[in-house]
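The structure under discussion appears below in the form of structure tokens.
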Amino acid sequence: MTRHKLGFWILTALVVGNMVGSGIFMLPRSLSEAASPAGVILAWLATGLGVLMLALVFGSLAVRKPELSGGPQIYAKELFREGSHGSRLAGFMSTWGYWVGNIAGFVAVITTFASYLSTFFPVLTSDKVWVDTGILTLKAGNVLTFIVCSLLLWGTHAICMKGMNGAGRLNFIATATKVVGFALFIIIALFAFQKSNIGPFLAPRTNDNGETLSLLSQVNAAAVGTLWAFIGVESAMVFAARARRKQDIRRATIAGLLISIVLYVGISILTMGLLTQDQLMASQNPLVDGITAVVGPIGGKLLAALGLISLLGSTIGWVLLSAEVPFQAAKLGVFLPSFSKENGKGMPKTSLWISNAVGQVLLLSTISGSISAAFDFIIYIATLAYLVPYLIASLYHIKLIWTGETFTARKERVTEGMIAGLAALYSLWVIIAGTADLKTFLLGIVLIVSGILFYPLLFKKGKVRGTSN
């Protein structure tokens, strides 16, 4: 249906909007804790190259296999014999992990919205105790933050239920606004940059045990955080079934990535020159605090307002993405059939309701802890949930290259083989770096494996569809 088709600019806005969301506001602090300035810069270089390879893989697969839409995780079923139990199980489990990771993604965006709203309403960070049972302590700021986050979630739900084009246009407006605003931030920061604030370029960092980390260990620690900045690069690919032209998927992916790289790297590095390392690590709103130090409180409030507009758009994009993933997978027969239901506007109604209900549960993390702590916990678990689908897409691309399917020229196979190989190696590297912490590794495994409890529902009443292309 043409009314649901998305063009190049809307697709690009979805990519930029989903990538440049919570990460751009909170990562300067998270990265300063994980690594020295040298480690942060090296992590950005490695991540930028790795994600570029992934983007090229996603764009190529979207053109070569247009019938497989819904995200990078969908290719898991293609690694096994068509129609086999292994194919369905792989498709289901990878979709489950990727879907839950998406939900954690929009929860991170929403909690960051509350963080920036506190610039105008400091009561959101109030430590006044409302309830203390001895087991659970409820502070005024945490409870109010939870209420604000919940209102944003269900307000976005109502917008998305009204149709893809309307939600897409709102996302585009918010994305255009933030690109202009962040470009101005970069210009101001360039003139206000203080080299002395960076401190020792190779400043030491320690782990939880007090052990000093080497530069390579710092880069590994920062790699998961910098990858979070690029989560969402596959957004155009997820909406492939709704694209007006298949070629626009690849173009939007590359264009969105390049815009996001400029914004992320520029802001991340320049913020280190606006605040001292100690100030940066202690900041709940690093960009606002940085610009306030340069132009005063008015500048901070303007940036906070820009942040709110940006995060509103990102929330719309992430909620759409989270619902689209299981919706498209269900249509291909590798996810629960009920998720394939649509409303009169062509929106995945069941998927939206369930995804947002799960998101509401995750928002409970804001009740008992600080916003920054909730953000850090969420991004580490969600990022690891993304890495498996990214690796799957790279491996499937390698499979196509090896068999020669969809390829005609040998030179093309060699070039794309190198790209797919680098994408796979990058995904493996971040998986290893991110799972070095046993707690994070176990939580990531639980997140993905928990889907096995629902797998039997795929066959309920014989509703499972074939997995043929």
Any side-chain heavy-atom pair of [X] and [Y] under 4.5 Å:
| X | Y | result |
| --- | --- | --- |
| F239 | L321 | yes |
| T12 | R251 | no |
| V238 | F58 | no |
| L14 | L6 | yes |

Can you confirm whether more than 12 heavy atoms, excluding those of [X], are under 6.0 Å from its [atom1] atom?
| X | atom1 | answer |
| --- | --- | --- |
| K162 | NZ | no |
| F120 | CZ | yes |
| W353 | CH2 | no |

Residues two or more places apart in sequence or in another chain: which of them pass side-chain hydrogen bond (donor to acceptor under 3.5 Å, both in side chains) with [X]?
| X | result |
| --- | --- |
| T47 | T226 |
| S268 | W44 |
| S322 | none |
| T156 | none |

Those residues that, when tested against [X], pass side chain to side chain contact (heavy atoms under 4.5 Å, CB included) (two or more places apart):
| X | result |
| --- | --- |
| L257 | M19, V51, L52, A55, F230, V233, I261 |
| L263 | V20, I24, V179, F182, I186, I259 |
| A423 | M53, L54, V57, S394 |

Got a sec, which residues hit ring pair (Phe, Tyr, Trp, His ring centres under 6.0 Å) with F339, two or more places apart in sequence or on another chain? W99, F335
Qualifying residues under ring pair (Phe, Tyr, Trp, His ring centres under 6.0 Å), relative to Y98, sequence neighbours excluded: Y386
Looking only at atom types and distance, does a side-chain atom of [X] sit under 3.5 Å from a main-chain N or O of [Y], one as donor and one as acceptor?
| X | Y | value |
| --- | --- | --- |
| S355 | L352 | no |
| S60 | L56 | no |
| K345 | M164 | no |
| W318 | N102 | no |
| S314 | N18 | no |
| T315 | I110 | no |

Would L312 and L152 count as a side chain to side chain contact (heavy atoms under 4.5 Å, CB included) if you check the C-alpha gap in whole Å, the side-chain angles of each, and the deciding distance to 0.1 Å? CA-CA 8 Å; L312 282 172; L152 175 56; 3.4 Å; yes
Give the minimum heavy-atom separation between A167 and I316, together with the two atoms involved.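 Residues A167 and I316, closest heavy atoms: O-CG2, 3.6 Å.
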Could you tell me which non-hydrogen atom of L11 sits nearest to which non-hydrogen atom of A243, and how far apart they are?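 Heavy atoms only, the tightest pair is CD1-CB, 4.0 Å.
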Partners passing salt bridge (Lys or Arg N to Asp or Glu O under 4.0 Å) against R169 (at least two apart in sequence or in another chain):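 Listed in chain order: nothing, the list is empty.
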Only one of L306, L303, L302 forms a side-chain contact (heavy atoms from CB on, under 4.5 Å) with F185, so which one is it? L303
Qualifying side-chain hydrogen bond (donor to acceptor under 3.5 Å, both in side chains) pairs with a residue from residues 294-303, counting only residues at least two apart or across chains: none
Short side-chain donor-acceptor distance under 3.5 Å, Q360 and S150: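 Yes, a side-chain donor-acceptor pair sits under 3.5 Å.
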Should T95 and V325 be marked as a side chain to side chain contact (heavy atoms under 4.5 Å, CB included) after you check the CA-CA gap, both sets of side-chain angles, and the distance that decides it? CA-CA 7 Å; T95 297; V325 166; 4.1 Å; yes
Checking F191 against V294 for the side chain to side chain contact (heavy atoms under 4.5 Å, CB included) test, could you report, in this order, the C-alpha distance in whole Å, the side-chain angles of both residues, the deciding distance, and whether it holds? CA-CA 10 Å; F191 287 99; V294 176; over 6 Å; no
With sequence neighbours excluded, give me every salt bridge (charged side-chain N to carboxylate O under 4.0 Å, His left out) pair touching residues 221-234.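 Every candidate salt bridge (charged side-chain N to carboxylate O under 4.0 Å, His left out) pair involving residues 221-234 fails, so no pair, neighbours aside, qualifies.
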